[in-house]
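Since the structure comes first, as structure tokens, the remarks are kept for the end.
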Amino acid sequence: MLGRLDWDRYWGFELFRRQCDPVDFRRWKRDSQRELKALYPGRPRLLDSTAGLGDHTVNLDEEGFVVEACDASAVAREATEAALALARLDVPVLDVHWADLGERSERYDLVWNDALHWIYDEGELRAALGGMFASLRPGGALVYFFADAKEPDEDAGKRVLMWDWERMQRARIEWEHERDERGVCLTIVTERGDDHIDEHHLYHVREEGGPAVLETLTMRRVYRWDYFHLTPLLEEAGFVDIRSDHFRNVKGHLFAMNRAFRPR
């Protein structure tokens, strides 16, 4: 890998991008939160365990959940708190890793996680599932993505990998912005493995007209945790009734939202 994954660095550059880019990220992410709320009337308590820059956190609270949020990145937590303050919402933002969620035993009706399948190491995934399971109340559910029950065969993840790889540029300029005498250009170079695609992020940073400085990190897209391979680990952690519900987003594209339940 070109550079290790540094979430603080990644979210720091994403914040800079957001300051320059007028795209309403919350709007195009809202479909899944709205569909989840339709499944859960009332005011269930939900943990947004992938707070990021606060997009899902704000949406989930506005949809009517009683929300708490967490993220392992200090930059992400600070950004989420800022997004919540701007939206005038009172949501706790916690510094906790997924494997340690058992410290909040049986607290949540739902745990939202849109990055579960990004975990590459099986041991790390087992620990995360154990923590999430312990944090759920009996009858509660883990909400996650990618592992679609409509495609239960063992090659489903590899098919998605190949579909993405065939359409992915091997090198591309992802974005370039300048603001307050700071310029950043992100180039992404891709490299394929058997069950993953590494996206090497090359940030060319220029401050106040000075020489360009290169900062790097690698994001790994993981394709190994399709329904066939993830389900046994969910069951080992204690989850039951593992299912996928299908909806259409604002662009008309079908997407799967998955749930795995803690027994009552």
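Excluded from the calculations below are hydrogen atoms, water molecules and symmetry mates; all remaining heavy atoms, backbone and side chain alike, are included.
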Side chain of Lys37, backbone of Ser32: donor and acceptor closer than 3.5 Å?
no
For a side-chain contact (heavy atoms from CB on, under 4.5 Å) check, start with the C-alpha distance between Leu116 and Met132, then their side-chain angles and the critical distance, and finish with the verdict.
CA-CA 11 Å; Leu116 188 66; Met132 293 177 194; 4.1 Å; yes
Tell me whether Arg77 contacts the main-chain N or O of Asp71 through its side chain, where contact means a donor paired with an acceptor under 3.5 Å.
yes
Quick one: does Asp95's side chain have a donor or acceptor within less than 3.5 Å of a partner on Ala74's backbone?
no
Check whether any side-chain N or O of Asn258 sits under 3.5 Å from a backbone N or O of Ala149 as a donor-acceptor pair, and report yes or no.
no
Donor-acceptor pair, Ser49 side chain versus Trp112 backbone, under 3.5 Å?
yes
For the backbone of Val250 and the side chain of Asp31, can you confirm whether one donor and one acceptor N or O come within less than 3.5 Å of each other?
yes
Test item: Asp180 and Gln19 side chains (from C-beta on) under 4.5 Å apart, heavy atoms
no
Can you tell me if Arg262 uses its side chain to pair, donor with acceptor, with the backbone of Phe133 under 3.5 Å?
yes
Check against ring-ring contact (aromatic ring centres under 6.0 Å, His included), Phe145 and Trp225
CA-CA 10 Å; Phe145 297 84; Trp225 304 122; over 10 Å; no
Relative to the ring of Trp7, is the ring of Trp11 parallel (under 30°), tilted (30 to 60°) or perpendicular (over 60°)?
parallel
Checking Arg159 against Trp163: charged group under 6.0 Å from the ring centre and within 45 degrees of the axis?
no
Under 3.5 Å: donor-acceptor pair, side chain of Ser244, backbone of Asp148:
no
By ring pair (Phe, Tyr, Trp, His ring centres under 6.0 Å), which residues pair with Phe16, not counting sequence neighbours?
none
Give the intermediate values and the outcome of side-chain contact (heavy atoms from CB on, under 4.5 Å) for residues His56 and Asp114.
CA-CA 9 Å; His56 295 312; Asp114 70 347; 2.8 Å; yes
Remaining members of hydrophobic cluster (4.5 Å side-chain criterion), Val160
Phe146, Leu161, Met162, Trp165, Met168, Ile197, Tyr223
Strictly by modelled atom types, are Asp226 and His229 linked by a side-chain donor-acceptor pair under 3.5 Å?
yes
Give a yes or no on whether a salt bridge exists between Arg30 and Glu62, defined as a side-chain N under 4.0 angstrom from a carboxylate O.
yes
Exam field: side chain Arg224 to backbone Tyr120, donor-acceptor pair closer than 3.5 Å:
yes
Could you check whether Arg243 pairs with Asp241 (Lys NZ or Arg NE/NH1/NH2 to Asp/Glu carboxylate O, under 4.0 Å)?
yes
Are Thr218 and Asp198 close enough that a side-chain donor and a side-chain acceptor fall under 3.5 Å?
no
Here the ring-ring contact (aromatic ring centres under 6.0 Å, His included) pairs for residues 68-107, sequence neighbours left out, are none
Decide whether Ile119 and Val96 are clustered together by the hydrophobic rule: side chain heavy atoms of Ile, Leu, Val, Met, Phe, Trp, Tyr closer than 4.5 Å, transitively.
yes
Tell me if a side-chain donor or acceptor on Thr190 pairs with a main-chain N or O of Arg170 at a distance below 3.5 Å.
yes
